[in-house]
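Data block below; observations after.
Reckoned from all heavy atoms, side chains included, excluding hydrogens, waters and symmetry mates. Just so you know, these numbers come straight off a predicted model, no measurement behind them. Here, residue 1 is the first one in the sequence, and each next residue gets the next number.
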Amino acid sequence: MAVSFYSIVVDARDLPSLARFWCAVLDWEVLFEADDEIVVGADKDALPGITFVPVPEAKEIKNRLHIDLAPDDQDAEVERIIALGARRTDVGQPGSATFVVLEDPEGNEFCVLSPKNSLID
């Protein structure tokens, strides 16, 4: 393959705090840390990772791109992630949605899906 999915880059005001949140959510670790970049991942050789970069402004509008998480137990995972600092949010999802929309501590939306077995479930 000529190209691979390397990393998602997330703008953040508090890089260490947001990196710790996502490490706790995904059971990942901080792989690299500097004032202008923090990289987290399952392992230094396991792609993709998440890279946090500093920005001065707070998030203001809905994400154009977001992360979907596929747990074994959606309800338990939603409660665990909320306990880590996430909060539920409404982005216009229908009441019949099989996913739960949450925001990380800086307001970035992400979804906790119902259990999945493949990418086309």
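- For the pair Thr51/Ile38, no side-chain contact is recorded, criterion being any heavy-atom separation below 4.5 Å from C-beta on.
- Gln74 places none of its side-chain heavy atoms less than 4.5 Å from the side chain of Glu77.
- Enclosure of atom CG in Asp36 by more than 12 non-hydrogen atoms of other residues, nucleotides or ligands within 6.0 angstrom is indicated.
- Counting heavy atoms from C-beta on, the side chains of Arg88 and Val78 come closer than 4.5 Å.
- Rounding to the nearest 0.5 angstrom, the gap separating the CD1 atom in Ile81 from the CG atom in Asp104 is 11.0 Å.
- Each of Val39 and Phe52 belongs to its own hydrophobic cluster when Ile, Leu, Val, Met, Phe, Trp and Tyr are linked at side-chain heavy-atom distances under 4.5 angstrom.
- Here the straight-line distance linking atom CD of Glu103 with atom NE2 of His66 works out to 13.0 Å at 0.5 Å rounding.
- Atom CG of Asp72 is surrounded by 12 or fewer heavy atoms from other residues, nucleotides or ligands within 6.0 Å.
- A side-chain contact (heavy atoms from CB on, under 4.5 Å) with Trp22 is found for one member of Ile8, Leu84, Val10, Ile67 and no other, namely Ile67.
- When the shell of 6.0 Å around NZ of Lys116 is examined, it contains more than 12 heavy atoms from other residues, nucleotides or ligands.
- Ile50 and Phe5 end up in the same hydrophobic cluster when Ile, Leu, Val, Met, Phe, Trp and Tyr side chains are linked at under 4.5 Å.
- Residue Asp45 holds its CG atom at 9.5 Å from CG of Leu31, rounded to the nearest 0.5 Å.
- A single hydrophobic cluster is not seen to contain both Leu26 and Leu65; linkage of ILVMFWY side chains at heavy-atom distances under 4.5 Å, directly or through other members, places them apart.
- Under the 4.5 Å side-chain contact rule for hydrophobic residues, Leu47 and Val9 do not share a cluster.
- Separation of atoms OG (Ser114) and CG (Asp75) is listed at 10.5 Å; rounding is to 0.5 Å.
- Hydrophobic cluster membership is shared by Trp28 and Phe110, with clusters built from Ile, Leu, Val, Met, Phe, Trp and Tyr side chains linked at under 4.5 angstrom.
- Using a 4.5 Å heavy-atom cutoff, the side chains of Asp121 and Leu113 are not in contact.
- The number of heavy-atom neighbours closer than 6.0 Å to CG of Asp68, taken from other residues, nucleotides and ligands shown, is above 12.
- You'll find the side chain of Ser17 stays beyond 4.5 Å of the side chain of Glu106, heavy atoms only.
- Note that CD of Glu29 and CG of Asp27 are 9.0 Å apart. Values are rounded to the nearest 0.5 Å.
- To the nearest 0.5 Å, atoms CG (Asp35) and CD (Glu33) are separated by 8.5 Å.
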